[in-house]
There are 2 protein chains.
Amino acid sequence: MKIGEIAKAAGVTASRIRFYEKRGIIPPALRGENGYRDYSPDLVGTLRYIDQAQRLGFTLREIVDVEPGTGEHPVSCTVAIELLTEKLAAVDEVIAEAKERKQRIKALIAELDKTEAL
Amino acid sequence: MKIGEIAKAAGVTASRIRFYEKRGIIPPALRGENGYRDYSPDLVGTLRYIDQAQRLGFTLREIVDVEPGTGEHPVSCTVAIELLTEKLAAVDEVIAEAKERKQRIKALIAELDKTEAL
DNA sequence: ATAGGGTTTAAACCTAGGTTTAAGGTCAAG
DNA sequence: CTTGACCTTAAACCTAGGTTTAAACCCTAT
């Protein structure tokens with residue numbers, strides 16, 4: 001598959017794929033005679049996986065740590081669970097902080113409402 | 001007050017204050033004969049206010065919208081309440097998204113746990 | 001053969017909110 | 001009179017994750 005095809009299939013942009021390759025997140029593509037990148041359809045799954053992981057809040061660095069782009073198989077299940085658990089804690093922290101912000105904003109609104117009622 | 005003094009008093013860095021001035025978030029400082037910025041202690045409150053607002057999740061652009069750096073008085077209470085209410089909704093969205101991420105990560109962990117138990 | 005679409009590269013650009021650096025001026029103390 | 005702390009500026013740099021652009025090459029259809 002050419003880069004445009006696989007990009008469409010995976011729902012990402014071609015430039016993003018080149019960027020991932022440059023960053024070592026995916027292995028360097030094979031090349032056709034013309035120099036075009038030539039992908040196995042298998043990479044579609046990997047690209048979707050990366051996209052999902054990013055949506056879950058993982059940075060590219062974290063994604064690389066779990067599944068190095070060198071084509072090696074993923075890290076052990078145990079390690080993956082550890083990383084997921086860490087991320088879970090981080091997400092909990094995000095939620096807690098956001099809730100606190102929410103309360104403070106609500107308090108501010110209440111205060112301004114009082115002021116306006118004068 | 002010189003910039004270092006007010007920075008310390010407000011709990012921000014001097015470079016941040018210069019940056020705010022450049023961005024028009026605070027009015028240009030008066031200058032002494034030597035060219036040094038010369039601040040009224042009143043600005044301490046403004047700087048603290050900006051810092052707080054940022055912690056509440058407001059961008060500098062939003063902060064400027066509420067209180068233009070040109071030295072004008074703040075926008076009406078009504079407008080401020082509107083902006084705070086918008087931000088409240090945005091924070092709610094952040095919370096909702098984070099919760100969804102959390103559930104998905106938990107599901108992944110559960111799945112991996114099952115796999116590992118095999 | 002030529003127009004169009006797709007591909008290649010490196011390098012510049014983008015957001016946001018600053019920090020860091022370089023090169024210099026100022027001020028108070030010793 | 002010099003040392004050290006502070007101030008000035010513009011401009012470069014930083015993170016993160018890309019996008020955009022320029023200049024060139026390739027392929028297919030007409």
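Note on naming: letters A, B, ... go to the chains in the order of the sequence lines (proteins, then strands), and numbering restarts at 1 for each one. When reading the values below, keep in mind they use all heavy atoms of this one structure, side chains included, and skip hydrogens, waters and symmetry mates.
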(request) Take the protein atom CG of B:Asn34 and the nucleotide atom P of D:dC7, then report the distance between them rounded to whole Å. (result) 10 Å
(message) Here's a test of your reading of the structure: between A:Glu5 and B:Phe19, which maps to the more 5' nucleotide of DNA chain C?
(response) A:Glu5
(message) At less than 4.0 Å, is any side-chain N or O atom of A:Arg37 found next to OP1 or OP2 of C:dT9? Yes or no.
(response) yes
(message) Side-chain N or O of A:Arg31 versus OP1/OP2 of C:dT9: is the shortest distance under 4.0 Å?
(response) yes
(request) Flag the pair B:Asp65 and B:Arg61 as a salt bridge only when some basic side-chain nitrogen lies within less than 4.0 angstrom of an acidic carboxylate oxygen. (result) no
(request) Report yes if the side chains of A:Leu60 and A:Ile63 come closer than 4.5 Å at any heavy-atom pair, otherwise no. (result) yes
(request) Determine whether more than 12 heavy atoms belonging to other residues, nucleotides or ligands lie under 6.0 Å from atom CD of B:Glu111. (result) no
(message) Let's see if you can work this out: which of C:dT19, D:dT8, D:dG17 has an atom nearest to the side-chain heavy atoms of A:Thr59?
(response) D:dG17
(message) Can you identify which nucleotide, out of C:dT7, C:dT20, D:dT19, has its nearest atom closest to the A:Ser15 side chain?
(response) D:dT19
(request) Using a cut-off of strictly less than 4.0 Å, decide whether B:Gln54 has a side-chain nitrogen or oxygen near OP1 or OP2 of C:dA16. (result) no
(message) Once you apply a heavy-atom cut-off of 4.0 Å, does A:Arg61 come out as touching a base, just sugar-phosphate, or nothing?
(response) nothing
(message) Using only modelled atom types and a 3.5 angstrom limit, is any donor from either the side chain of B:Tyr36 or the base of C:dG25 paired with an acceptor on the other?
(response) yes
(message) For D:dG17 and A:Arg23 - does any side-chain N or O of the residue sit under 4.0 Å from the phosphate oxygens OP1/OP2?
(response) no
(request) Compare side-chain N and O positions of A:Thr13 against OP1 and OP2 of D:dG18 and report whether any pair is under 4.0 Å apart. (result) no
(request) Give a yes/no answer on whether the side chain of B:Tyr20 brings an N or O atom under 4.0 Å of OP1 or OP2 in C:dG17. (result) no
